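Every chain is numbered from 1, with letters handed out A, B, ... down the list of sequences. What you see is a predicted model, and the numbers here were worked out from it, not measured in a lab.
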2 protein chains.
Amino acid sequence: MSATIREVAAAAGVSTATVSRALRGLPYVDEVTRKRVVETAQRLDYVASPSASRLASGRTGTIAVLTPYVARWFFATVISGVAMALTEGPLDLLLVEVGNPDRPSTVPLEQRLRSRADGAVVVALPDTYPEISQLIEHDFPLTLVGSLSDRVSSVAINDAETGRLATQHLINLGHREIGLISGATSDESFTAQDDRTNGYHDALTRSGIPAHPALTAYGAFTREGGERAMVELLSREVQPTAVFCLSDEMAFGAMIAMRRQGLTPGIDIALVGVDGHPQSELANLTTVAQPVAEMGRLAAVALQDRLNNAEKYEPRQTAMSVELVVRSSSAPPKGN
Amino acid sequence: MSATIREVAAAAGVSTATVSRALRGLPYVDEVTRKRVVETAQRLDYVASPSASRLASGRTGTIAVLTPYVARWFFATVISGVAMALTEGPLDLLLVEVGNPDRPSTVPLEQRLRSRADGAVVVALPDTYPEISQLIEHDFPLTLVGSLSDRVSSVAINDAETGRLATQHLINLGHREIGLISGATSDESFTAQDDRTNGYHDALTRSGIPAHPALTAYGAFTREGGERAMVELLSREVQPTAVFCLSDEMAFGAMIAMRRQGLTPGIDIALVGVDGHPQSELANLTTVAQPVAEMGRLAAVALQDRLNNAEKYEPRQTAMSVELVVRSSSAPPKGN
DNA sequence: AACAATCTAGTAAGCGTTTGCATGAAGGAG
DNA sequence: CTCCTTCATGCAAACGCTTACTAGATTGTT
């Protein structure tokens, strides 16, 4: 079908070794020769067979994105950031679903990656997640986005700070009964989730506000979950005048739940989310925005760095700064 | 690092040929032998090297997803549908950005795919798109989702019907000045865009309503674009009492534009979108919903079908049915 | 002018599978 | 009992590159 390196070599009057070197920009090739080879290759519409070069070199020229979800906004946006970083170079992007509780995979992750990718960007999974942890132990090059690690490079926001920021904002508005819509129930907790929650408690403590356990509900980081969590909160004895949602999507769900009961966000109950989801503007949701695509891009860059500096490399943590975007979903409590 | 087929062969006391056959479930292997080989492979933690097997077999075991965007809801959801279909089998998913006007790629698509994927699912690009068309001519196995083709299999909704449905709904409510927020200006038009527009005109014509060109604006299928388009419509001489947006995201933008001018969707101007975007519920947007993830899944299945039946295969068009979801963004015109 | 260092290029041995072909064993038909 | 299939397996040649290693040609040094 397509020309082989041998044909190019023959046509250019050199050996295949020279063609290989010339086309990959390696040294020790005369510029005149290189030019001739490049032109010949172009003329013959030659493209090196990835399978062959991978087999011979041991490198795959591929990086995988390991993510529990591909359609959810945060995840999709990270992926697009990674894709962005890769369009520059010649690397392929292998998409692998990992850690989606609804879709458990039968094949061990390590096997699905072995000889398929040189490294991977891991989205929103902690380094303690079994399969990820295993990869790290096998020295498989990894970069995390959305959760911190001291074992591999990672890029994330300061989640504790994020939690404090959101909560402090509500406190500043005069709220004292501040609810929390968290993600998963504690056993399967993300780093991000725990840290944001700590930030929330921290802010309360600093202001001398006792944290009331009955003000917490879990929304699984989904809109539907947020909706249920809000319904639950509204049915509790203690009523919050404000609720901090650990993600915008859950906040959207909370809004729907409120609306269904004739309540208005920002009037009856103040709401703050986290993410800077594009829809937060339309929904008038106050949120702590994070640069998601950029985080994906940086993670990919860091990974490439790691791959190019096989030796002298050490994990680096990148903390992105967040921004509180105030909208009408957060306002002083009714009485004020 | 990992065991090779030769080691497995040696350990199992057979030739590499037998190991290969046994592990892939090919015939002409005694069940007893197969079992022994499988166990040995497992014990040695053997996984066939993809590069080697690709090189030797000529098949890549990979399917690509060709998409202009990865983070936008529609696209991300199609991708997740494809991923869903692939988790069943052993196929890899290669993500390739194509046709994103903001990020033109330097390498020809055909070269980026050659020997990298056995086939591809194309998202929302028409078969007339140059690079896609070229792939089709090269007999590269393709399946389209979101646009129709008689050259390759495709799965899409009936866009004309969708346009009619949305428009007829507005007409039924009593509207006569019905605006249109379209996508790209006609030169770079999608099949979907044209068909939905035709459906819109069709519905108008059937009801004897003249289509007024000043009632159309273009929103590039983005929220920001929809916002601008709405601003533009509101500045025109003829004022619509209802607007049909070719996508939900543009409708969201339109809502923002309206709100900024103190107008309320469904009260001042009725709005209908297309997609069934998860946020349409929160936004109270009337929309024509399509089963996006399912479409992606079906496209992937169709592609696998095509790959397995090299010979006796012919393009098949799958039309998904849509559903009008009425919410408060669409209501009778003010006067009524 | 002799010798070392640096370029340039070719030779050929892999890389780890798949698969066409050959071989022998086993079972059935006549 | 012989011949023909059908099975089960092995042999070895690809598949199309990359990359030591080798060697000659240049260039620079003293």
I'd like to know whether CZ of A:R6 has more than 12 heavy-atom contacts from other residues, nucleotides or ligands below 6.0 angstrom.
no
Mind checking if B:T33 touches a base, just sugar-phosphate, or nothing, with heavy atoms under 4.0 Å?
sugar-phosphate
Sugar-phosphate, base or nothing in reach of B:A17, heavy atoms under 4.0 Å:
base
Closest listed nucleotide, where the reference is the side chain of B:S49 and the choices are C:dA9, C:dT17, D:dA8:
C:dT17
Rounding to a whole Å, what distance do you find between B:L23:CG and C:dG16:C1'?
14 Å
Select from B:L55 and B:R24 the residue whose nearest nucleotide in DNA chain C is closer to the 5' end of that strand.
B:L55
Heavy-atom closest pair, residues B:A76 and A:V70
O-CG2, 3.7 Å
What is the separation between atom CD on B:E7 and atom P on C:dC15, rounded to the nearest whole Å?
11 Å
Ring of B:F74, cation from B:R72 - is the NZ or CZ under 6.0 Å from the centre and inside 45° of the axis?
no
What is the distance, to the nearest angstrom, from the CZ atom on A:R114 to the P atom on C:dG16?
13 Å
Looking at A:S15, I'd like to know whether one of its side-chain N or O atoms comes within less than 4.0 Å of OP1 or OP2 on C:dG10.
yes
If you compare every side-chain N and O of A:S20 against the phosphate oxygens of D:dT18 (OP1, OP2), does one of them come in below 4.0 Å?
yes
Regarding the side chain of A:T4, the nearest nucleotide among D:dG16, C:dT17, C:dA9 is D:dG16
Go through C:dG10, D:dA8, C:dT18 for me and flag the one nearest to the B:I5 side chain.
C:dT18
Would you say a side-chain N or O of A:R21 is under 4.0 Å from OP1 or OP2 of D:dT18?
no
Checking side-chain polar atoms at under 3.5 Å, does B:R116 have a donor or acceptor matched by the opposite partner on B:T60?
no
OP1, OP2 of D:dT22 versus side-chain N and O of A:Y28: anything below 4.0 Å?
no
Taking CD from A:E31 and C1' from C:dC7, how many angstroms apart are they, rounded to a whole number?
13 Å
Just to be sure I understand the rule, does B:R54 reach a base, reach only the sugar-phosphate, or reach nothing, if contact means heavy atoms closer than 4.0 Å?
nothing
Ignoring backbone atoms, establish whether A:T18 has a side-chain N or O less than 4.0 Å from OP1 or OP2 of C:dA9.
no
Taken to the nearest whole Å, CZ/A:R116 to P/C:dG16 is 16 Å
Nearest whole angstrom, please: distance from the P of C:dT6 to the CG of A:L26.
19 Å
Side-chain donor-acceptor pair present, A:S133, A:R151, cut-off under 3.5 Å
yes
When all nucleic acid strands are considered with a 4.0 Å heavy-atom cut-off, which category describes B:R59: base, sugar-phosphate, or nothing?
sugar-phosphate
